[in-house]
Asker: 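Have a look at this one before I ask anything.
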Amino acid sequence: MNVAIIGTGYVGTVTGTCFAELGHNVVCVDVDAAKVDQINAGIPPIHEPGLPALLKTHVGKRLRATDDYNDAILNSEVTFICVGTPSGDDGRIDLSIVRSASTSIGKALAERSADASHTYHVVVVKSTVVPGTTDEVVAPLIRANGGDAGVVGIAMNPEFLREGKAVHDFMNPDKIVIGGDARAVDTVARLYEKIPCEITRTDTRTAEMIKYANNSFLATKISFANEIGNICKKLGIDVYEVMSAIGKDFRISEQFLNAGAGFGGSCFPKDVKALIGRAGELGYDPLLLNAVIMINEEQPMRMIELLTNRIRDVRNRRIAVLGLSFKNDTDDIRESRSIPVIRELLNRGATVAAYDPLAAENMREVFPDILYCDSAKSALEDADACLIMTEWAEFGSLDQEFDAMREIVVIDGRRMVSLDRGVYEGICW
Ligand code: NAD
């Protein structure tokens, strides 16, 4: 099938490339000309394992990129909206990019030639949007801009991929959810027919809610583990032993029970806040979801508290921060727990020496003036303390590197290290 992908970030680039791998012809659209050029040169605009090889295979053959909506949409049967849906200042979802993309799609569909104007075209929302958005915001904008000749279908197909494992997750999903009327859902389902996975067919609002419920539940598991971990620490109990045991209960599962510095990323914080915001608009105060966010915002400050229990005044002290991305195997720093930690260290006058295998360039835009080191070893050199913020595998083999510190004080937010000398303390253990 011929597919247009609107927005070539983490979701759009992976979706487009994987659809090409599944045999479809894909045109990606982005307003960022640099990303368009990168894709056409076979270079993914994001870091994702496995993506460079896959993109190289298909670019110029079954996949290309453009900044021209008409070019992409007039040559496609299905258009996926994969643009960002950030949090607004009040935490509620900011749909301005979705609105803008929907308007552009409507205008492009209105340009269909007389021949093509009766060809069925489905617009699919893949961006994470609060329930009601597809029907009440996207569809009306497409129609208002001329995209409806009775032959434009609307569907909602949430994405569940994990950054760092996105290609694998897209090609090996545990669920595919498609919301919409039967014709639209059938059309979208055909795109996935080579993937052996059951398709959950539903309406658009339920599809939208499934995504929020999914992310909110995972975020809840993490905040639950962190809360139990905070209590365990006070009791001198190892929370990892506790979580490992309860994870054996099939009703619980061991996933997402790692206590630590909290969750970040472009999805969990903003999606839980968006659901809280939507519930608030409906007159419901979601107590559990509010607590999930509150616990998560406290965890990075616990790193600072543990540090200042050891070094009372961090002013002019060199603090090594290991890990800047919100999790391992990605260069994404959105809502990374390192951000509030570094901000607080700077407020207190510390000198921050940071290291991350991939994310330093992105973090430089947030903190241009901290010291960026090219290895964990050089960040640790002459440091007065070290905070481990991301679960990069390479941190697990650090050992002698800590001896280069002025004093060995290591506060571990991810349970990466075990040290038999100096001060070693885990955030929840
Ligand atoms: P992103 O910010 O990485 O990418 C969005 C892209 O859209 C950018 O390249 C941007 O330049 C482009 N864009 C902005 N305005 C545009 C316009 N008017 N027309 C065309 N392109 C435009 O976002 P992302 O992380 O890929 O997330 C996209 C959506 O998918 C969000 O709703 C997100 O919540 C959801 N999602 C993300 C993930 C994830 O792990 N990142 C997983 C599942 C779902």
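All ligand and atom numbering here is 1-based and tracks the order in the structure. The chain is numbered in sequence order, starting from 1.
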Asker: Decide whether an N or O pair under 3.5 Å exists between K126 and ligand 1.
Answerer: no
Asker: With heavy-atom distances below 4.0 Å as the criterion, list the atoms of ligand 1 near R334.
Answerer: 1 (P), 2 (O), 3 (O), 23 (O), 25 (O)
Asker: Nearest protein heavy-atom contact for atom 41 (N) of ligand 1: which residue, which atom, what distance?
Answerer: E163 OE2, 2.7 Å
Asker: Which of the numbered atoms in ligand 1 are under 4.0 angstrom from any heavy atom belonging to K35?
Answerer: 8 (C), 9 (O)
Asker: So that I can tick it off, tell me whether R201 and D186 are bridged by a salt bridge, with the cut-off set at under 4.0 angstrom between side-chain N and carboxylate O.
Answerer: yes
Asker: If you count the atoms of ligand 1 from 1 in the order shown, which ones are under 4.0 Å from a heavy atom of K270?
Answerer: 33 (C), 34 (O)
Asker: Look at the side chain of S253 and the backbone N and O of F250, then say whether any donor-acceptor pair between them is shorter than 3.5 Å.
Answerer: no
Asker: Where on F268 is there a heavy atom closer than 4.0 Å to ligand 1, on the side chain, on the backbone, on both, or on neither?
Answerer: neither
Asker: Which of the atoms of ligand 1 are close to K211, meaning less than 4.0 Å from one of its heavy atoms?
Answerer: 43 (C)
Asker: How about F326 and F268: are their ring centroids closer than 6.0 Å?
Answerer: no
Asker: If we ignore hydrogens and angles and just use 3.5 Å, is the side chain of Y372 paired with the main-chain N or O of M363 as donor and acceptor?
Answerer: yes
Asker: Within ligand 1, which atoms have a heavy atom of S100 less than 4.0 Å away?
Answerer: 18 (N)
Asker: Of the side chain and backbone of C267, name the one, both, or neither that has a heavy atom under 4.0 Å from an atom of ligand 1.
Answerer: side chain
Asker: What are the atoms of ligand 1, with element, lying closer than 4.0 Å to any heavy atom of I97?
Answerer: 14 (C), 15 (N), 16 (C)
Asker: Name the closest protein heavy atom to atom 30 (O) of ligand 1, giving the residue it belongs to and the distance to 0.1 Å.
Answerer: V11 CG2, 3.4 Å
Asker: Can you list the atoms of ligand 1 that are under 4.0 Å from a heavy atom of I6?
Answerer: 19 (N), 20 (C)
Asker: Tell me: protein heavy atom nearest atom 5 (C) of ligand 1, and distance?
Answerer: G84 N, 3.8 Å
Asker: Could you establish whether R162 and ligand 1 come within less than 4.0 Å of each other, counting only heavy atoms on the residue side?
Answerer: no
Asker: Please work out, at 4.0 Å between heavy atoms, whether the side chain, the backbone, both, or neither of R99 comes within that distance of ligand 1.
Answerer: neither
Asker: Give the atoms of ligand 1, by number and element, whose distance to some non-hydrogen atom of T85 is under 4.0 Å.
Answerer: 31 (C), 32 (O), 34 (O)
Asker: Check each of Y69, Y10, F160 against atom 20 (C) of ligand 1 and report the one with the nearest heavy atom.
Answerer: Y69
Asker: Can you tell which part of L161 has a heavy atom less than 4.0 Å from ligand 1: side chain, backbone, both or neither?
Answerer: both
Asker: Nearest to atom 13 (N) of ligand 1, what protein heavy atom do you find, and at what distance?
Answerer: V31 CG2, 3.8 Å
Asker: Specify the protein heavy atom at minimum distance from atom 11 (O) of ligand 1: its residue, its atom name, and the distance to 0.1 Å.
Answerer: D30 OD1, 2.6 Å
